[in-house]
Amino acid sequence: QVQLVESGGGLVQAGGSLRLSCAASGRTFSSYSMGWFRQAPGKEREFVATISASGSTVYYADSVKGRFTISRDNAKDTVYLQMNSLKPEDTAVYYCASTSYKLPRRQITAYDYWGQGTQVTVSA
């Protein structure tokens, strides 16, 4: 049984930073790409960032490029999302997810396991 547990969300002022973590268990973490998605109230869940199994390839949504950084520590079975220069429009529940692919995927349908989500609120 694959489990993904996010942490690190919270309330921050615009321009501030947060670092999300996602601890994985139940599958060989280093064999699969990982992703971060987010869902704002009344909106569909959207892609934020993804990283390959090795960590060598990353992709970002245009809305976060240059501000967010995805990384992973395969020795700790953990993926991170460093979020800088946060904006009120970044407010959402952030989810980490795991795919069965080695290469990163932007499509939500490529992910088969999801965490419970962590709330990020950015005040103006």
Side-chain angles (χ1 to χ4, degrees):
Q1 181 73 14
V2 176
Q3 287 192 323
L4 303 172
V5 180
E6 301 99 334
S7 61
L11 173 64
V12 65
Q13 288 188 332
S17 299
L18 283 174
R19 188 195 196 201
L20 305 183
S21 299
C22 173
S25 62
R27 77 192 319 185
T28 306
F29 181 77
S30 60
S31 295
Y32 304 105
S33 60
M34 298 288 293
W36 285 97
F37 292 77
R38 66 186 181 185
Q39 188 166 17
K43 295 188 176 182
E44 294 187 350
R45 194 170 297 189
E46 65 176 6
F47 166 74
V48 175
T50 182
I51 186 167
S52 63
S54 67
S56 61
T57 304
V58 297
Y59 298 130
Y60 297 96
D62 288 343
S63 58
V64 306
K65 203 173 293 183
R67 300 188 299 121
F68 290 12
T69 302
I70 188 171
S71 62
R72 65 191 295 161
D73 185 338
N74 285 346
K76 295 182 178 179
D77 291 353
T78 301
V79 62
Y80 305 97
L81 186 67
Q82 177 67 44
M83 305 185 295
N84 299 329
S85 302
L86 282 161
K87 305 175 181 180
E89 51 264 44
D90 294 318
T91 295
V93 177
Y94 283 72
Y95 298 89
C96 82
S98 175
T99 81
S100 296
Y101 299 95
K102 286 189 178 295
L103 295 178
R105 294 287 189 269
R106 294 182 176 91
Q107 302 89 348
I108 194 169
T109 54
Y111 292 80
D112 44 11
Y113 295 101
W114 293 82
Q116 83 288 349
T118 185
Q119 176 70 47
V120 172
T121 302
V122 185
S123 62

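We use all heavy atoms of the structure for the numbers below, so side chains are in, but hydrogens, waters and symmetry mates are not.
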Does Arg45 reach the main-chain N or O of Tyr95 with its side chain, forming a donor-acceptor pair under 3.5 Å? no
Next item on the list: Step by step, work out the side-chain contact (heavy atoms from CB on, under 4.5 Å) result for Met34 and Leu4.
Entry: CA-CA 11 Å; Met34 298 288 293; Leu4 303 172; 4.0 Å; yes
Between Asn74 and Phe29 the two heavy atoms that sit nearest each other are OD1-CE2, 3.1 Å
Linked, directly or transitively: Ile108 and Ile70 (ILVMFWY side chains, under 4.5 Å):
no
message = Are the side chains of Thr91 and Gln119 in contact, using a 4.5 Å heavy-atom criterion?
response = yes
Do Ser17 and Asn84 have side chains that approach each other closer than 4.5 Å (heavy atoms only, starting at C-beta)? yes
Discussion item. Check Lys65 with Asp62, please: is the shortest side-chain N to carboxylate O separation under 4.0 Å?
Written reply: yes
Check: Do the non-hydrogen side-chain atoms of Glu6 and Leu20 ever get within less than 4.5 Å of each other?
Finding: no
Give a yes/no verdict on a cation-pi contact between Arg27 and Tyr32, requiring under 6.0 Å between NZ or CZ and the six-membered ring centre and an angle within 45° of the axis. yes
* To do: Please assess Arg67 against Tyr60 for the test side-chain contact (heavy atoms from CB on, under 4.5 Å), listing each intermediate value before the final yes or no.
  => CA-CA 10 Å; Arg67 300 188 299 121; Tyr60 297 96; over 6 Å; no
Around Gln13, counting heavy atoms of other residues, nucleotides and ligands shown, do more than 12 lie under 6.0 Å from its CD? no
Between the CE atom in Met83 and the CZ atom in Arg19, the distance rounded to the nearest 0.5 Å is 11.5 Å
Item checked: Val12-Val64 co-clustered via ILVMFWY side chain contacts under 4.5 Å -> yes
Polar side-chain atom of Thr78 near backbone of Lys76 as donor-acceptor pair, under 3.5 Å:
yes
In terms of heavy-atom contacts, Val2 and Gly26 come closest through CG2-O, 4.0 Å
| Heavy-atom side-chain proximity of Val58 to Phe68 below 4.5 angstrom | no
Heavy-atom nearest pair, Gly117 first then Val93, reads CA-CG1, 3.8 Å
Evaluate the side-chain contact (heavy atoms from CB on, under 4.5 Å) criterion for residues Arg38 and Asp90: first the C-alpha distance (whole Å), next the side-chain angles of each, then the deciding distance (0.1 Å), finally the verdict. CA-CA 9 Å; Arg38 66 186 181 185; Asp90 294 318; 2.9 Å; yes
Output yes when a side-chain donor or acceptor of Tyr111 lies under 3.5 Å from a complementary backbone atom of Cys96, and no otherwise.
-> no
Residues Ala110 and Arg105: closest non-hydrogen pair is CB-CB, 3.7 Å
Tyr59 and Phe47 aromatic centres sub-6.0 Å
no
Please check this pair: side chain of Ser33 against backbone of Leu103, looking for a donor-acceptor N/O pair closer than 3.5 Å.
yes
Go through Ser31 and Lys102 one step at a time and tell me if the side-chain contact (heavy atoms from CB on, under 4.5 Å) criterion holds.
CA-CA 6 Å; Ser31 295; Lys102 286 189 178 295; 4.0 Å; yes
Interatomic distance, OG1@Thr69 vs CG@Leu81, rounded to 0.5 Å, equals 8.0 Å
In short, Val120 meets Leu18 closest at the heavy-atom pair CG1-CD1, 3.9 Å
